[in-house]
Amino acid sequence: MAEEKNMTVATEEKTEATAPKTENQYLLKLNRPYVFEGKEYAEIDLAGLDKLTVQDAINAQRQLFNEREPAAMLLCETTTAFVRILAAKATGLPIEFFKLAPRGVSRRIYGMVMGYMNVDSNTENHIMRLEKPYYFEGKQYTEIDLNGVADLNSLNESAAENRLTRAGFMVTDTSYNYLYACILAGMATGLPEEFFTGLPLYEVLKIKNAVNDAGFFE
């Protein structure tokens with residue numbers, strides 16, 4: 001029995017040793033080391049993007065709004081400043097690491113973060129399909145029916161604008177605001193705001209675009 005047990009353990013160890021390692025597709029390998037505060041970086045691991053949520057995007061957008069970053073007032077997600085904040089959150093590195101990065105490094109970081117966020121819309125007839133099953137309060141969701149957005153009125157919009165103000169936003173063009181999209185989606189579906197803010201980061205542009213679909217304004 002002891003010999004059989006040892007064989008089992010040896011087999012398990014061999015299987016573990018020969019199992020293929022999953023490649024980190026968000027590991028950015030630099031062409032030349034980047035020196036920051038006396039330390040060389042040959043790579044930047046952005047795998048932490050998977051731990052970020054829509055709330056992180058909202059926080060980043062609010063920070064840029066409050067810092068009066070003009071470029072972030074409209075398509076915030078296309079700005080270098082927005083990507084810097086998300087990259088810092090994903091890696092745990094200080095924001096100065098990304099502010100001082102050479103332009104070539106900065107552009108590659110930008111491309112990777114934007115590639116992560118720009119998931120296909122996958123919304124049809126105002127049914128937003130989620131990239132992966134999402135669990136909220138013990139229930140699994142694979143899609144969200146946003147048809148109720150068509151039934152919202154100007155009082156709902158005023159309430160959402162007031163909510164933005166309480167959350168520390170300066171109300172400008174709300175169609176670009178991530179929190180505003182989450183608030184309206186909550187009103188339309190009866191789901192709490194936290195349902196939408198807790199979605200993975202890569203769903204943020206999808207929910208923003210879905211709520212502001214031109215079909216709701218015909």
Expected list for residues 152-161: side-chain donor-acceptor pairs under 3.5 angstrom, two or more places apart:
unit_1 : atom_1 : unit_2 : atom_2 : d
N153   : OD1    : L155   : N      : 3.0
N153   : OD1    : N156   : N      : 3.1
N156   : OD1    : N153   : N      : 2.9
S158   : OG     : S154   : O      : 3.2

List, one per line, each side-chain donor-acceptor pair under 3.5 Å for residues 33-44, sequence neighbours excluded.
unit_1 : atom_1 : unit_2 : atom_2 : d
Y34    : OH     : F97    : O      : 2.7
Y34    : OH     : A101   : N      : 3.3

Checking I85 against Q63 for the side chain to side chain contact (heavy atoms under 4.5 Å, CB included) test, could you report, in this order, the C-alpha distance in whole Å, the side-chain angles of both residues, the deciding distance, and whether it holds?
CA-CA 9 Å; I85 295 175; Q63 178 181 331; 3.7 Å; yes
The test is side-chain hydrogen bond (donor to acceptor under 3.5 Å, both in side chains); show your working for D50 and Y116 and say whether it passes.
CA-CA 9 Å; D50 272 337; Y116 180 86; 2.8 Å; yes
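Under the side chain to side chain donor-acceptor pair (under 3.5 Å) criterion, the residue pairs touching residues 193-204 are R163-E193, E203-K206, with sequence neighbours excluded. For the side chain to side chain donor-acceptor pair (under 3.5 Å) condition, no pair includes a residue of residues 89-105, sequence neighbours left out. Each salt bridge (Lys or Arg N to Asp or Glu O under 4.0 Å) pair with one or both residues in residues 135-144, not counting sequence neighbours, appears once here: R129-E143.
Legend: residues meeting ring-ring contact (aromatic ring centres under 6.0 Å, His included) with Y110, ordered by chain and number and at least two apart, are absent. Every residue meeting the ring-ring contact (aromatic ring centres under 6.0 Å, His included) condition with F65, not counting sequence neighbours, appears here in chain and number order: F169. Shown here are the ring-ring contact (aromatic ring centres under 6.0 Å, His included) partners of Y178, two or more places apart in sequence or in another chain: F82. Evaluation of the side chain to side chain donor-acceptor pair (under 3.5 Å) rule for D173 yields S175 as partners, not counting sequence neighbours. Scanning for side chain to side chain donor-acceptor pair (under 3.5 Å) contacts around D213 gives an empty result, with sequence neighbours left out. Applying the ring-ring contact (aromatic ring centres under 6.0 Å, His included) criterion to F196, with sequence neighbours excluded, gives no partner residue.
Within the 3.5 Å criterion, the main-chain N or O of L28 finds no donor-acceptor partner in the side chain of D45.
Between I144 and I127 there is no side-chain heavy-atom pair separated by less than 4.5 Å.
Interatomic distance, C76 SG to N177 CG, rounded to the nearest 0.5 Å: 9.0 Å. Residue T189 holds its OG1 atom at 11.5 Å from CG of N147, rounded to the nearest 0.5 Å. Note: L205 CG to M114 CE = 6.5 Å, rounded to the nearest 0.5 Å. Between the CZ atom of R108 and the CG atom of L30 there is a distance of 6.0 Å, given to the nearest 0.5 Å.
Other residues sharing the hydrophobic cluster of L74, ordered by chain and number and joined by side-chain separations under 4.5 Å: L75, Y176.
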